[in-house]
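Take a look at the structure set out below.
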Amino acid sequence: MNPSTTGTVGAPAAAPTPQQIKDTVAQLIGIDADAIADDVNLIALGLKSMHIMQLVNGWRRAGRRVSFKDLAADPTVANWSRRLA
């Protein structure tokens with residue numbers, strides 16, 4: 001995952017767009033991003049807990065406030081977009 005580092009020092013990077021989330025997840029699980037609907041359960045598509053932990057760590061380094069519990073509770077692009085906004 002390669003979170004954006006734009007913005008002022010100490011300020012969080014811009015929240016990832018739904019398409020950026022899809023692209024990142026698709027890369028992790030080896031599918032086409034176009035196959036991921038906003039409301040599909042990402043775990044059902046093959047996302048593992050280790051992947052979620054990697055995403056959480058990357059987004060935290062980019063200044064987003066997010067937890068594994070937040071993402072695992074509702075693993076959809078739509079929910080993650082709201083949580084990361």
Side-chain angles (χ1 to χ4, degrees):
M1 189 177 111
N2 188 13
S4 172
T5 57
T6 60
T8 59
V9 174
T17 66
Q19 187 60 52
Q20 289 170 324
I21 294 170
K22 289 178 187 181
D23 291 342
T24 302
V25 169
Q27 183 178 7
L28 287 172
I29 62 176
I31 66 170
D32 187 70
D34 293 334
I36 302 174
D38 287 351
D39 61 346
V40 71
N41 183 310
L42 299 172
I43 293 171
L45 290 180
L47 193 70
K48 306 291 185 203
S49 60
M50 178 183 72
H51 297 134
I52 297 173
M53 290 171 57
Q54 289 173 319
L55 294 167
V56 167
N57 287 334
W59 285 324
R60 283 181 177 168
R61 282 191 304 273
R64 308 310 315 164
R65 297 190 79 174
V66 65
S67 73
F68 177 88
K69 182 179 173 182
D70 291 338
L71 299 187
D74 185 5
T76 64
V77 171
N79 177 59
W80 290 8
S81 293
R82 284 189 300 271
R83 293 253 180 215
L84 293 165

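Throughout, residue positions are numbered sequentially from 1 according to the sequence presented.
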Asn79 side chain to Pro75 main-chain N or O, any donor-acceptor pair under 3.5 Å?
->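 Checking the backbone N and O of Pro75 against the side chain of Asn79, no donor-acceptor pair under 3.5 Å is found.
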Arg64 side chain to Val56 backbone, donor-acceptor under 3.5 Å =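 Looks like no, no N/O pair under 3.5 Å.
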Return the set of residues passing side chain to side chain contact (heavy atoms under 4.5 Å, CB included) with Ala26 (not counting sequence neighbours), or none when no residue passes.
->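 For Ala26 the side chain to side chain contact (heavy atoms under 4.5 Å, CB included) partners, ignoring immediate neighbours, are Ile31, Ala33, Ile36.
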Of all the heavy-atom pairs spanning Ile43 and Asn41, show the shortest one and how long it is.
-> N-OD1, 2.8 Å
Shortest non-hydrogen contact from Arg82 to Asp74?
->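 In terms of heavy atoms, the two residues are closest at NH2-OD2, 4.2 Å.
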Leu42 and side-chain contact (heavy atoms from CB on, under 4.5 Å): which partner among Thr76, Val77, Ile29, Leu55?
->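 Considering Thr76, Val77, Ile29, Leu55, a side-chain contact (heavy atoms from CB on, under 4.5 Å) with Leu42 is found only for Val77.
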Can you sort out the partners of Asp70 under salt bridge (charged side-chain N to carboxylate O under 4.0 Å, His left out), two or more places apart, ordered by chain and number?
-> Arg83
Any side-chain heavy-atom pair from Trp80 and Pro16 closer than 4.5 angstrom?
->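 Answer no - side chains too far apart.
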Heavy-atom side-chain proximity of Leu84 to Gln20 below 4.5 angstrom | no
Strictly by modelled atom types, are Asp23 and Gln27 linked by a side-chain donor-acceptor pair under 3.5 Å?
->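 On atom types as modelled, these side chains do not qualify, holding no pair under 3.5 Å.
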Tell me, please, which residues at least two apart from Asp38 pass side-chain hydrogen bond (donor to acceptor under 3.5 Å, both in side chains).
-> Lys22
